[in-house]
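By convention in this document, chain letters (A, B, ...) are assigned in the order of the sequence lines, proteins followed by strands, and residues within each chain are numbered from 1. Just so we're clear, the structure is a prediction, and the values are computed from it rather than from any experiment.
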Amino acid sequence: MSPPTFRLYNTLTHETEPVEPIEDEHLRFYSCGPTVYTYAHIGNFRSFLTADLIRRTAEAIGWDVTNVSNITDVGHLTQDDLVDPGGEDKMQQALEREGERFANIYDLARHYTDAFLKDWRALNLREPEVRPRATEHVTDQLEAVIELVETGHAYTTDKGVYFRVDSVEDYGQLSGNTESEQLRATERDTVDDPEKKDPRDFALWKHDPDHLMHWHSPWGWGFPGWHIECSVMGMRYLGEKFDLHTGGEDLIFPHHDCEIAQNKALTGGPAVNYWVHTRFLQVEGEKMSKSKGNFYTVRDLIAPAPDDDHVPAPIRTQGGVDPLALRYTLLQGQYRKPFNFTLDTLRTAARHVQRFRDASDRVDEAIEADVDGPDPLGPKLGDCYDRMLAAMCDDLNTPAATAAALEGVRHIEDADTLSGAAAHSARFWLDRTNDLLGIIESETEDEPPAKEDTSPLSGSQFATSVDAVLQDREDARANGEYARADAIRDTLEALGIEVMDRPEGPEWRRKVEL
RNA sequence: GGUGACGUGGCCGAGUGGUCAGGCAGAGGCCUGCAAAGCCUCCUACGGCGGUUCGAAUCCGCCCGUCACCUCCA
């Protein structure tokens, strides 16, 4: 059958539209990446997950994909209008906070970039084709700013260079913030540059020789404005026109509106056809914030570090969550709707991921055994896959897609026996499901994040001793000493070992504790 | 105040005019020495008020509520 039409909601048109790449069957898109001044939290990754799902869906319908995802490692000011030398940026603040950990601002950026990439892989996000860093493209940015000044789209003041918003058509089209007067009326009480000609004008270059990161420019030492880096890096790696651009909903204004304006000024027309924005998530029904104690970074959940001050106390003794369970959790909400992240959902997700894994193991055994027999699974699973793909193509409807996937795994579980033929069908389905949703097995080389292992024994030694204890319990059961058998089970449970008595003998696994 | 999004059962979340979403939790049952896991059954909602229609969670209007952005937060 022909693949379904891939449709996405376009912030620019307020409609869900068929995605039609400029180059047939080749999707080229840019994803706004993080500013690396701290560990990324699960909300950040909800947005990056959207980009990953766009990639996977496009690949599933046979398209090529070129994705550029940047790292913002230049510290930008916390207030755009505050272009005085005393202004601080987030990276500088981070360095002051953690000065003892890092030699300098570049060291800090490197540390958090590495941490970010590690989390990226842990969540089984596919690697973008290009991952440019802002600090490595300052020359490109400078050239763009010079061009904008020369073409009259920008002007200089003592404090920097500003983009002249009224030099392009339809500024603010993306957000709907089109009224100059409106922005003026709501301007915050910040230090303004009196030489700015329009309150909407934004900085392309900031004059500041004391900034921790500074570069030489025709206007003296300083650093680039925030919006210009994405315009420049997007065009450099994807061309003057490309298909799609992703980011968090907070970036709609001003960042993406500014980017659109810059691109128009530089190329004479808009660069991007589709804008896709991911809604913020909430945690336990509230805005995620450090003061509420519901602020989760990826590493908090998947690999707790009890001595790390970044890990909030309420979960410092928890964590150890399967990163794919975290991924599965984030799939329970469609990217464009508010999503309420709860530990309860995470707990459930961990169980579901385990079901996929158990089914996968069983299928592998059945392939090995290769018993003759019919294949009742093939058609059912084929149908499940079709519905999964259709759901993904329908504006990344991940809740519907995971529902169909769960139905598929139930078909495998329900089969009393798996013939070789059925097992091969199941293997094919599991692999394609994992390709599309990435929820069964990680594709990365990284070691799985160290689960908290308080045992002094290594993994295999530990397993051997658990097996020995279980044998003792089996002996007790055989002798009818049920009180002793239950005591052994309770002891193991207290150690985080879950015991299941199967017809073929006892089985155990580590409990998922949240 | 401006801009944009969203309101579905105890909870999370599909569903865009008429037939079951699904999951979690809960209740009962099967299985088990007892459990756990798994399986079966049950629980049936659409923020409010109008309107369109033979028929609306689904379309329209108004209201209420939640969230986000309004100069650097994904």
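Using a 4.0 Å heavy-atom distance criterion, A:Ile252 is classed as making no nucleic acid contact. Nucleic acid contact for A:Phe339: sugar-phosphate only, since backbone atoms but no base atoms lie under 4.0 Å from a heavy atom of the residue.
Judged as a side-chain contact (heavy atoms from CB on, under 4.5 Å), and not counting sequence neighbours, the contacts of A:Thr345 are A:Thr329, A:Gln332, A:Thr342. Applying the ring pair (Phe, Tyr, Trp, His ring centres under 6.0 Å) test to A:His277 and every residue at least two apart in sequence or in another chain returns A:His256. With sequence neighbours excluded, the residues satisfying side chain to side chain donor-acceptor pair (under 3.5 Å) with A:Arg126 are A:Glu59, A:Asp435, A:Glu443. A search for salt bridge (charged side-chain N to carboxylate O under 4.0 Å, His left out) contacts involving A:Glu413 returns A:Arg355, not counting sequence neighbours. Legend: residues meeting ring pair (Phe, Tyr, Trp, His ring centres under 6.0 Å) with A:Tyr274, ordered by chain and number and at least two apart, are absent. Under the side chain to side chain donor-acceptor pair (under 3.5 Å) criterion, A:Asp140 pairs with A:Arg236, sequence neighbours left out. Residues passing the side chain to side chain donor-acceptor pair (under 3.5 Å) test with A:His255 are A:His227, sequence neighbours excluded. For the salt bridge (charged side-chain N to carboxylate O under 4.0 Å, His left out) test, no residue two or more places apart in sequence or in another chain qualifies with A:Asp475. Residues satisfying the side chain to side chain donor-acceptor pair (under 3.5 Å) test with A:His214, not counting sequence neighbours, are none.
Distances shorter than 4.0 Å separate none of the side-chain N or O atoms of A:Tyr328 from OP1 or OP2 on B:G23.
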Find every protein N or O atom lying less than 3.5 Å from an N or O atom of nucleotides 59-62 of chain B, and list the pairs.
none

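In RNA chain B, stems built from 3 or more consecutive Watson-Crick or G-U wobble pairs, each with both distances under 3.5 Å, span B:1-7 with B:64-70, B:10-12 with B:22-24, B:26-30 with B:38-42, B:47-51 with B:59-63.
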B/S/- contact track for nucleotides 25-41 of chain B, protein heavy atom under 4.0 Å | S-------BBBB--S--
